[in-house]
**Q** 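Submitted below is the structure of interest, expressed as structure tokens.
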Amino acid sequence: MNIAKSLLSRRSFAGLAGAAIIAVAMPVQSFAADVTIPIIVKDTTSFYWQIVLAGARQAGKDLGVKVPELGAQAETDVNGQISILENAVAGKPAAIVISPTEFKALGKPVDEAAKSVPIIGIDSGADSKAFKSFLTTDNVQGGRIAADGLAAAIKQMTGKDEGDVVIITNTPGAGSLEQRREGFLDQVKTKYPGLKVVADKYADGQATTGLNIMTDLITANPKIVGVFASNLIMAQGVGQAIAENKLSDKVKVIGFDSDDKTLGFLKSGAIAGLVVQDPYRMGYDGIKTALAVSKGEKVEANVDTGANLVTKANMSEPKIEALINPKVK
């Protein structure tokens with residue numbers, strides 16, 4: 001199954017989130033005519049990262065900046081991303097925007113790169129203090145939002161926010177995913193004592209693995225009432241497992257990020273909610289911030305790009321519609 005990829009052509013430009021198109025109308029500046037700012041994402045094949053790249057691409061057009069779109073073809077290819085970063089630095093760009101694949105492994109490479117070029121971080125962190133600015137969702141808060149959404153869905157189903165729940169994380173060691181897990185566990189512990197986390201699993205970056213993990217968990221523990229799948233790929237796999245086993249009325253799932261497949265699961269009930277970030281804004285403002293840094297301008301050290309819980313009930317609201325149907329071309 002190739003359920004990790006999305007049909008990009010079906011997306012429309014229905015109306016981008018206002019925050020995602022800050023300064024879109026800015027005129028091209030002559031000083032930027034020969035400026036190059038590469039953006040390095042975790043996985044160029046994933047719909048989520050396609051949205052990030054679309055935002056960066058538009059920023060390049062608006063600001064008159066060359067924006068090479070770089071990245072590996074899997075979030076697990078840590079060494080590949082390190083090589084891409086080293087090659088990008090060798091090209092002597094004005095700045096680099098990067099979303100590190102793995103917190104520990106990218107720390108020293110980012111430190112080394114920052115000796116030659118300003119580094120702007122987006123989405124996920126690295127074990128480095130060299131970032132000039134960092135733009136991301138507050139992932140701990142995103143995990144809390146997921147816990148609230150899951151508790152509400154379980155209570156709507158059973159009449160009480162109690163029962164066995166599980167967490168499935170895409171890969172170990174990714175900064176943003178560990179923060180989501182931390183936020184989820186903390187919120188459950190402090191706010192929902194009736195929810196018991198009975199399994200806390202890591203996958204290998206493949207949606208089919210998420211599907212298999214979820215299928216095994218269902219078999220081993222038929223009392224499971226809720227699941228937090230902490231990124232798009234795991235949400236795809238878990239949603240598939242719930243759909244195939246016809247368990248949407250017995251197991252509630254909260255995922256992270258959206259694409260055609262997970263939105264389909266949301267509509268059918270296989271997924272109860274999706275915590276959606278603003279990846280377009282991360283890409284757009286990442287390039288915008290990198291350009292400002294390259295000119296010696298002062299920028300914010302940390303920028304929270306926001307997160308919202310999308311459900312079947314609110315997915316047609318204008319704000320949510322703009323987040324789940326961005327333009328990717």
**Q** If you look at every heavy atom in Phe265 and Ala243, which pair is closest and at what distance?
**A**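 Shortest heavy-atom separation between Phe265 and Ala243 comes out as CE2-CB, 4.0 Å.
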
**Q** For side chain to side chain contact (heavy atoms under 4.5 Å, CB included), just list the numbers for Thr305 and Asp285, CA-CA rounded to whole Å, side-chain angles, deciding distance to a tenth of an Å, and then say yes or no.
**A** CA-CA 9 Å; Thr305 53; Asp285 283 3; 5.9 Å; no

**Q** Side chains of Gln236 and Gln240: any donor to acceptor distance under 3.5 Å?
**A**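 Side-chain D/A pair, Gln240 to Gln236: absent.
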
**Q** Just say parallel, tilted or perpendicular for the rings of Phe184 and Phe228, cut-offs at 30° and 60°.
**A**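 Judged by the thresholds at 30° and 60°, the geometry between Phe184 and Phe228 is parallel.
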
**Q** Tell me whether Glu102 contacts the main-chain N or O of Ala105 through its side chain, where contact means a donor paired with an acceptor under 3.5 Å.
**A**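 Side chain of Glu102 to backbone of Ala105: a pair is present.
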
**Q** Just checking, any donor-acceptor pair under 3.5 angstrom between side chains of Thr215 and Asn212?
**A**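 No, Asn212 and Thr215 have no side-chain donor paired with an acceptor closer than 3.5 Å.
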
**Q** Under a plain distance cut-off of 3.5 Å, with no hydrogens placed, do Asp123 and Thr136 share a side-chain donor-acceptor pair?
**A**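 Note: Thr136 and Asp123 side chains miss the donor-acceptor criterion.
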
**Q** Kindly compute the distance separating CG (Leu232) from CH2 (Trp49), expressed to the nearest 0.5 Å.
**A**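 Output value for this atom pair is 11.0 Å.
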
**Q** Under 3.5 Å, is there a donor on one side chain and an acceptor on the other for Gln277 and Thr137?
**A**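 Present: a donor and an acceptor within the cut-off.
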
**Q** Can Asp43 and Tyr48 be said to form a side chain to side chain donor-acceptor pair (under 3.5 Å), step by step?
**A** CA-CA 9 Å; Asp43 175 2; Tyr48 176 84; over 6 Å; no

**Q** If you group Ile, Leu, Val, Met, Phe, Trp and Tyr by side-chain heavy-atom gaps below 4.5 Å, do Val197 and Val275 land in one group?
**A**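 They do share one cluster, since a chain of ILVMFWY contacts under 4.5 Å joins Val197 to Val275.
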
**Q** Salt bridge or not for Asp148 and Lys191, using N-O below 4.0 Å?
**A**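 Yes.
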
**Q** Between Lys295 and Glu297, does any side-chain N to carboxylate O distance fall below 4.0 Å?
**A**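 Yes, charged N to carboxylate O under 4.0 Å.
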
**Q** Starting from the C-alpha separation in whole Å, work towards a yes-or-no answer on side chain to side chain donor-acceptor pair (under 3.5 Å) for Thr101 and Gln81.
**A** CA-CA 7 Å; Thr101 54; Gln81 192 186 55; 3.3 Å; yes

**Q** Look only at the side chain of Thr289 and the backbone of Gly286, and say whether a donor-acceptor pair between them is shorter than 3.5 Å.
**A**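 Looks like no, no N/O pair under 3.5 Å.
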
**Q** Please answer: with hydrophobic residues joined when any side-chain heavy atoms are less than 4.5 Å apart, are Ile242 and Ile154 in the same cluster?
**A**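 Different clusters: Ile242 never reaches Ile154 through Ile, Leu, Val, Met, Phe, Trp or Tyr contacts under 4.5 Å.
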
**Q** List for me each residue that meets side-chain contact (heavy atoms from CB on, under 4.5 Å) alongside Thr219, sequence neighbours excluded, and say none if there are none.
**A**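 Expected list: none.
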
**Q** Side chains of Leu263 and Ile324: closer than 4.5 Å at any heavy-atom pair?
**A**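 Of all side-chain heavy-atom pairs linking Ile324 with Leu263, at least one is under 4.5 Å.
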
**Q** With heavy-atom distances below 4.5 Å as the criterion, would you say the side chains of Val67 and Thr36 are in contact?
**A**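 Not in contact.
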
**Q** What distance separates Ile168 CD1 from Ser230 OG, expressed to the nearest 0.5 Å?
**A**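 These two atoms lie 9.0 Å from each other.
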
**Q** Among the clusters formed by ILVMFWY side chains lying less than 4.5 Å apart, do Val238 and Val276 turn up in the same one?
**A**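 Result: yes, single cluster for both.
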
**Q** Is there side-chain contact between Leu291 and Val35, with at least one heavy-atom pair below 4.5 Å?
**A**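 Answer yes - side chains close enough.
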
**Q** Can you tell me if Gln50 uses its side chain to pair, donor with acceptor, with the backbone of Thr44 under 3.5 Å?
**A**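 Looks like yes, one N/O pair under 3.5 Å.
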
**Q** Does the side chain of Thr171 come within less than 4.5 Å of Leu177's, by heavy atoms?
**A**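 They are in contact (side-chain heavy atoms under 4.5 Å apart), so the answer is yes.
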
**Q** How long is the gap from CD1 on Ile82 to CD on Glu86, to the nearest 0.5 Å?
**A**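 Taking CD1 in Ile82 and CD in Glu86, the distance rounds to 7.0 Å.
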
**Q** Step by step, would you call Val166 with Val198 a side chain to side chain contact (heavy atoms under 4.5 Å, CB included)?
**A** CA-CA 6 Å; Val166 301; Val198 296; 3.8 Å; yes

**Q** What are the two closest heavy atoms between Asp257 and Leu274, and how far apart are they?
**A**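 Heavy atoms only, the tightest pair is O-CD2, 3.5 Å.
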
**Q** Any luck finding a side-chain donor-acceptor pair between Gln58 and Asp62 under 3.5 Å?
**A**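 Side-chain D/A pair, Gln58 to Asp62: present.
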
**Q** Which residue is it: Arg144, Arg180, Glu178? I am looking for the one with a side chain to side chain donor-acceptor pair (under 3.5 Å) to Asn139.
**A**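 Between Asn139 and the candidates, side chain to side chain donor-acceptor pair (under 3.5 Å) is satisfied uniquely by Arg180.
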
**Q** Could you give the distance from CD1 (Ile37) to CG (Leu63), rounded to the nearest 0.5 Å?
**A**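 Going from CD1 on Ile37 over to CG on Leu63, the span is 8.0 Å.
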
**Q** Please confirm whether the backbone N or O of Ser83 pairs with a side-chain atom of Asn87, one donor and one acceptor, at under 3.5 Å?
**A**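 It does hold such a pair.
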
**Q** Taking side chain as C-beta onward, heavy atoms only, is Val293 less than 4.5 Å from Ile120?
**A**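 Yes - at least one pair of side-chain heavy atoms lies under 4.5 Å apart.
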
**Q** Treating Ile, Leu, Val, Met, Phe, Trp and Tyr as nodes and any side-chain heavy-atom pair under 4.5 angstrom as an edge, say whether Ile39 and Phe131 lie in one connected cluster.
**A**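 Ile39 and Phe131: separate clusters.
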
**Q** I need the Arg281 CZ to Leu135 CG distance, nearest 0.5 Å.
**A**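 Atom-to-atom, Arg281:CZ and Leu135:CG are 7.5 Å apart.
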
**Q** Using side-chain heavy atoms (C-beta onward) and a distance below 4.5 Å, is Glu75 in contact with Asn170?
**A**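 Touching, per the 4.5 Å side-chain cut-off.
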
**Q** Go through the steps for Ile122 and Ile98 under the test side chain to side chain contact (heavy atoms under 4.5 Å, CB included), then give the verdict.
**A** CA-CA 6 Å; Ile122 59 170; Ile98 186 171; over 6 Å; no

**Q** Indicate, with yes or no, if Ile233 and Tyr202 share a hydrophobic cluster defined by side-chain heavy-atom contacts under 4.5 Å among Ile, Leu, Val, Met, Phe, Trp and Tyr.
**A**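 Looking at the clustering, Ile233 is in a separate group from Tyr202.
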
**Q** Can you check side chain to side chain contact (heavy atoms under 4.5 Å, CB included) on Asp200 and Arg181, steps first, answer last?
**A** CA-CA 9 Å; Asp200 187 355; Arg181 175 179 170 276; 2.6 Å; yes

**Q** Do any N or O atoms from the side chain of Lys252 and from the backbone of Ala272 form a donor-acceptor pair under 3.5 angstrom?
**A**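 Absent.
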
**Q** Distance from Lys288 atom NZ to Ser133 atom OG, nearest 0.5 Å?
**A**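 If we round to the nearest 0.5 Å, Lys288:NZ and Ser133:OG are 11.5 Å apart.
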
**Q** Could you tell me whether the side chain of Asn314 and the main chain of Thr311 form a donor-acceptor pair under 3.5 Å?
**A**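 Indeed, once roles are kept as given, a pair shorter than 3.5 Å links the two residues.
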
**Q** How about Val251 and Met157: do any of their side-chain heavy atoms sit closer than 4.5 Å?
**A**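 Val251 vs Met157: side chains apart.
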
**Q** Could you pull out the closest heavy-atom pair between Lys132 and Val299, with the gap in Å?
**A**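 Scanning both residues completely, I find the closest heavy atoms to be O-CG2, 3.9 Å.
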
**Q** Specify the closest pair of heavy atoms between Pro38 and Leu70, including all atoms of both residues, with the distance to one decimal.
**A**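 Shortest heavy-atom contact: CB-CD1, 3.9 Å.
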
**Q** Identify whether the distance between the nearest side-chain nitrogen and carboxylate oxygen of Lys223 and Asp164 falls below 4.0 Å.
**A**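 Looking at Lys223 and Asp164, the cut-off is not met.
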
**Q** Do Gln73 and Thr45 have a side chain donor and acceptor closer than 3.5 Å?
**A**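 There is no such pair (donor and acceptor under 3.5 Å, judged by atom type) between the side chains of Gln73 and Thr45.
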
**Q** Test Ile218 against every option in Leu247, Ile213, Ile224 by the side chain to side chain contact (heavy atoms under 4.5 Å, CB included) rule and name the one that passes.
**A**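 Testing Ile218 for a side chain to side chain contact (heavy atoms under 4.5 Å, CB included) against Leu247, Ile213, Ile224 leaves exactly one candidate, Leu247.
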
**Q** Do the non-hydrogen side-chain atoms of Lys319 and Asn308 ever get within less than 4.5 Å of each other?
**A**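 When only atoms from C-beta onward are counted, Asn308 and Lys319 do touch, with a gap below 4.5 Å.
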
**Q** Check Gly71 against Ile40 and note the closest heavy-atom contact, atom names and distance.
**A**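 Closest approach of Gly71 to Ile40: CA-CG2, 4.4 Å.
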
**Q** Other hydrophobic cluster members with Phe103, side-chain heavy atoms of Ile/Leu/Val/Met/Phe/Trp/Tyr under 4.5 Å, chained?
**A**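 None; Phe103 is a cluster of one.
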
**Q** Measure from the side-chain N and O atoms of Asp186 to the backbone N and O of Glu182, and report whether any donor-acceptor pair falls under 3.5 Å.
**A**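 Checking the backbone N and O of Glu182 against the side chain of Asp186, no donor-acceptor pair under 3.5 Å is found.
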
**Q** Taking all non-hydrogen atoms of both residues, which atom of Val89 and which atom of Ser116 are closest, and how far apart?
**A**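 Minimum heavy-atom contact is CG1-CB, 3.8 Å.
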
**Q** Taking only residues two or more places apart in sequence, or in another chain, which ones meet Ser176 in a side chain to side chain donor-acceptor pair (under 3.5 Å)?
**A**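 In terms of side chain to side chain donor-acceptor pair (under 3.5 Å), with neighbours along the sequence ignored, Ser176 is linked to Ser124.
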
**Q** Going by side chain to side chain contact (heavy atoms under 4.5 Å, CB included), Val227 matches just one of Ile271, Leu217, Val253, Ile254. Which one?
**A**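 Testing each of Ile271, Leu217, Val253, Ile254 against Val227, the sole residue satisfying side chain to side chain contact (heavy atoms under 4.5 Å, CB included) is Val253.
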
